[in-house]
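Residue numbers start from 1 in every chain, and the chains themselves are labelled A, B, ... in the order their sequence lines are given, proteins ahead of strands.
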2 protein chains.
Amino acid sequence: MPGPIQSLSRAAAILRLLAGGERRLGLSEVATSLDLAKGTAHGILRTLQLEGFVEQDPESGRYQLGAELLRLGQSYLDVHELRARALVWADDLARATGEQVYLGVLHQRGVLIVHHVFRPDDSRQVLEVGSMQPLHGTALGKVLLAYDPVARGELEGAELEAYTPRTLTDLADLDAECALTRERGWAGAVEETWEGVASAAALIRDRRRNPVGAVGVSGAVERVCEAGFVRPELVASVRDAARSISRDLGAARF
Amino acid sequence: MPGPIQSLSRAAAILRLLAGGERRLGLSEVATSLDLAKGTAHGILRTLQLEGFVEQDPESGRYQLGAELLRLGQSYLDVHELRARALVWADDLARATGEQVYLGVLHQRGVLIVHHVFRPDDSRQVLEVGSMQPLHGTALGKVLLAYDPVARGELEGAELEAYTPRTLTDLADLDAECALTRERGWAGAVEETWEGVASAAALIRDRRRNPVGAVGVSGAVERVCEAGFVRPELVASVRDAARSISRDLGAARF
DNA sequence: GATGCCGTTCGGCATTGTCGACCGCCGTCC
DNA sequence: GGACGGCGGTCGACAATGCCGAACGGCATC
């Protein structure tokens, strides 16, 4: 059986390279970074540009990601069944808790946010759909680690980054936390990724009981926690939402 | 000079095909739709799957768009300078007008929404970032048609769809509307795409005075209009926002 | 003006992508 | 239960397509 199609893999590598930085890249930088001949990189970039995946600044000749990626990303959300079924429950959860709500799925080595509901007040908030969160420092991530062996396998041999002094960076500690998560049915994370922020999340299952994602709330630690622990009424709401979404996906009653 | 890289163009065609429907597609459907050999389509799909651009349902063997598109689409927004600079002004515009705000750019033959602020009330709203709007039936589209010859060129020879009885479907009528837009500096659209919905938009320029996008408001015709015309105080706010964003991009004062 | 860097183009060639044929599995029909 | 047809997937042959090094013209710097 043959391997992947080389030119496609190279195009994907170019897109990831452009996505990884904050500024536009020139052809020579792209070619050098990926160890490709300039002509090769140019052919790929020119085709990606024709298809809308890459745009070139006419003045500087530098390249950046193109608008077609945004359009296709939105199409991904439109056909994403979990998200479609979670929309209403997520809104209800934000209302019930007064905090912002995230819906995440496992993607490569992290949690991809596929839906995000703002905290229902007038504050300025930044939408995070399409962003990645770490598996090991967030409640969403811990839930996926606890129930999905594929997620746990992604961390094997990895060095866990310490975002705050409270981040669990030892795999044994993290495994113990996942066992606790499975025992009580939800995960919490208190100031493990951002100081001052706490969150709780619970698992979503599909109609065959497979883990397919997680839903959680996140907010200021002073509101989310009481005596250092996530408030029980928040946990109850999160678990209710996870059950409702799971049922909507066809999972049998717990 | 050689043409585009065939395998990349084929991969893009497969992604567009998957984006265009509401259900997952099988290998045979993909191959037949694009007139490719099954082995060829399979090789492309397998590579796209390895890279995260496509996902396969393990039970049915059918394919759908993959999560990496959402992540890259978000990265596109992160490096999109116009959007970055427009965020605060768009929030202010939603507050000042009480209506929802859209920021759009020309993409292929339509307007791509790159930012969307909800109407500041408690109603349920659907985020439309990443979605496409028609050039000929929306205020955003008319602004781009009026000022950007590339946009106007996209409509040459096209049949304009009538979304409502009020949609302009004759190119001459649309050109007259664009002339009016250039004359007064903003565009309006009253029940041209959706009945009951009206909108107004104004152009955003970059530091070289090139048209790079448009900002607009949209809402219920009863609120947005007065005696059949867009309310002047809404127009003033939209134009203020467009000027502020343009200035932030380095465009000289008007 | 000379130099170096850039994005772009070019022609040769070999390897990579493509194709038709085939495989095993599954669902449907008789 | 057996035959059939459709499916996603695999295989080997081959030629055309993708890749490469070299060259080009434009621009900025010294």
*side chain to side chain contact (heavy atoms under 4.5 Å, CB included) with Glu68(A): which residues, sequence neighbours excluded?*
Phe53(A), Arg71(A), Leu72(A), Arg16(B), His107(B), Gln108(B)

*Can we call the ring centroids of His136(A) and Tyr163(A) under 6.0 Å apart?*
yes

Can you find a pair of side-chain heavy atoms, one from [X] and one from [Y], that are under 4.5 Å apart?
{"X": "Arg10(A)", "Y": "Ile14(A)", "result": "no"}
{"X": "Thr138(B)", "Y": "Pro134(B)", "result": "yes"}
{"X": "Leu171(A)", "Y": "Arg152(A)", "result": "yes"}

Nearest-angstrom distance from the residue atom [atom1] of [X] to [atom2] of [N]:
{"X": "Arg46(B)", "N": "dT16(C)", "atom1": "CZ", "atom2": "P", "answer": "14 Å"}
{"X": "Leu45(B)", "N": "dC7(D)", "atom1": "CG", "atom2": "P", "answer": "15 Å"}
{"X": "Leu25(B)", "N": "dG6(D)", "atom1": "CG", "atom2": "P", "answer": "18 Å"}

*Quantified as the angle between the terminal helix axes (five pairs each), what is the overall bend of the helix from dG1(C)-dC30(D) to dC30(C)-dG1(D) to 10 degrees?*
40°

_Could you check whether Glu81(B) pairs with Arg207(B) (Lys NZ or Arg NE/NH1/NH2 to Asp/Glu carboxylate O, under 4.0 Å)?_
no

*To the nearest 0.5 Å, how far apart are CG in Asp240(B) and CH2 in Trp89(B)?*
9.5 Å

_Atom pair OH (Tyr102(A)) and CG (Leu140(A)), whose distance is rounded to the nearest 0.5 Å_ = 9.0 Å

*Do nucleotides 17-27 of chain C as a string where each nucleotide becomes B, S or -: B if the base has a protein heavy atom under 4.0 Å, S if just the sugar-phosphate does, - if no protein is that close.*
SSB--------

*What string of B, S and - do you get for nucleotides 25-30 of chain D, 5' to 3', if B is base contact, S is sugar-phosphate-only contact and - is no contact with any protein heavy atom under 4.0 Å?*
------

*When you check the phosphate oxygens OP1 and OP2 of dG7(C), does a side-chain N or O of Ser28(A) lie under 4.0 Å from one of them?*
yes

*Would you say a side-chain N or O of His42(A) is under 4.0 Å from OP1 or OP2 of dG7(C)?*
no

*salt bridge (Lys or Arg N to Asp or Glu O under 4.0 Å) with Glu55(B): which residues, sequence neighbours excluded?*
none

*Yes or no on side-chain contact (heavy atoms from CB on, under 4.5 Å) for Leu8(B) and Leu8(A), after CA distance, side-chain angles and deciding distance?*
CA-CA 6 Å; Leu8(B) 292 190; Leu8(A) 292 190; 3.3 Å; yes

*Interface with DNA chain C, restricted to residues 51-63 of chain A and to heavy atoms under 4.0 Å*: Gln56(A), Gly61(A), Tyr63(A)

*Worked check of side-chain contact (heavy atoms from CB on, under 4.5 Å) between Arg243(B) and Ser246(B)*: CA-CA 5 Å; Arg243(B) 272 191 297 263; Ser246(B) 299; 5.6 Å; no

